[in-house]
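This report refers to the structure that appears directly beneath it.
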Amino acid sequence: MTQIQNIQQLRQQVDYIDDELLQLLKKRGNIVQQIAQIKQKEKLPIQDIEREQQKLTKLVNQHIEPYSKEQIVSLYRLILNQSIDLQNSINGASSDTNSLKVYRTHSQHNTKVRVGDVVFGEEPVYIFGPCAVEDEQQMDTVANVMSQKGLKIIRGGAYKPRTSPYDFQGLGVRGLEILKSVGEKYNLATISEVVDASQVEVAANYLDMFQVGARNMQNFQLLKAIGRTNKPVLLKRGLSATVDEFLHAAEYILNEGNPNVVLCERGIRTYERATRNTLDISSVPIIKRLSHLPIIVDITHSTGRKDIMQEIAKASIAVGSHGLMCEVHPNPPIALSDKNQQLNIDEFKSLYDVIC
Ligand code: PEP
Ligand code: MN
């Protein structure tokens, strides 16, 4: 027998074994699905880490030469992960990115999110308001000019995630009270940031829409807590988050049952210092292709520059943004946060006249 014939014969044996392996995998998959059905009925978690560890330990102790322990572990990790996907798919969930709930493949319709009188996902929605709620007078002044312009939603931070612990941290519940009262007075829906899962229940009494800020985009407990409510949420892109990570963060909210998610591109951290962050304008059309969720652009925190805001606002709408967020303060030089980038009332009016 020639060496070539020898290879052919050995390959036949390998093919036979592969067929057997496939049949065994099929059998294994069917059993895994039966287990998933029982877990679903009994409301048991799909993944059982302890069982996986026991299984891997037992397998590696069998010394399956010529494979190393590491090779066996990585082979079985793959099989176990596929089993988890199989089990999840019975519940309509999966770690397979093609079947994420945020993806267009999951929902053919463009999601529309109603907040008071505005609907995200139709005509552009404009969210103005100060960086932080500071006092009644400040909020009243801004709300008043906003309602004169026919706007329907106002922002104002009550819990401020600041770089320095010595900077103004927000008024907390008092800030939410002020925001709610100007909202009622001027018929404006309210949006404000929550920074911890423990705030969600109380804040829900004051707000029409939660905001999850860039620093908390991967605060998974917060995302899950908001996901368990039905209240709309504006989810901002993390400082260094990829589009994929951004969409997975949204998935946490959808996966808990809350479909009312609006995304917000607010710039990402790059080496460029000419702007506060680098506005990733391309993420807007990219996300619109990938996801059915509405997406808006924060022109304040992405640029940190008032002088280019009008152009950036126009560019954002031109690439298909479903709206804009922009900070406005009656007297920016004395603002307790972001004093360099908040528009004063006149600047707000001229931006409004150009874009809205
Ligand atoms: C904000 O909108 O108040 C804010 C802090 O923005 P970001 O989370 O995008 O930095
Ligand atoms: Mn701000």
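We count ligands from 1, going down the list as the structure has it; atoms in each ligand are counted the same way.
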Worksheet item: Would you find a donor on one side and an acceptor on the other, under 3.5 Å apart, between the side chain of Glu201 and the backbone of Gln199?
Response: no
Worksheet, complete the sentence: Distance filter under 4.0 Å, heavy atoms only, around ligand 1 gives Arg155, Lys160, Glu193, Gln211, Gly213, Ala214, Arg215, Lys236, Arg266, His301, Glu327
Worksheet entry | salt bridge (charged side-chain N to carboxylate O under 4.0 Å, His left out) partners of Glu134, counting only residues at least two apart | none
Worksheet item: Is the closest side-chain donor-acceptor distance between Ser283 and Glu265 under 3.5 Å?
Response: yes
Item to complete: To the nearest 10 degrees, could you say what angle the Mn ion (ligand 2) makes with OD2 of Asp338 and NE2 of His301?
Response: 90°
Discussion item. Restricting to non-hydrogen atoms, name the atom on Ile268 and the atom on Gly238 that form the minimum distance, rounded to 0.1 Å.
Written reply: CG2-O, 3.9 Å
Practice prompt. Would you confirm whether Arg104, through its side chain, and Lys288, through its main-chain N or O, come within 3.5 Å as a donor-acceptor pair?
Written response: yes
Practice prompt. Scan for salt bridge (charged side-chain N to carboxylate O under 4.0 Å, His left out) pairs involving residues 56-66, sequence neighbours excluded, and state none if there are none.
Written response: none
Practice prompt. Just to the nearest 10 degrees, tell me the angle at the Mn ion (ligand 2) spanned by Glu327 OE2 and Cys131 SG.
Written response: 90°
Practice prompt. Mind checking salt bridge (charged side-chain N to carboxylate O under 4.0 Å, His left out) for Lys339 and listing every partner two or more places apart, or none if nothing turns up?
Written response: none
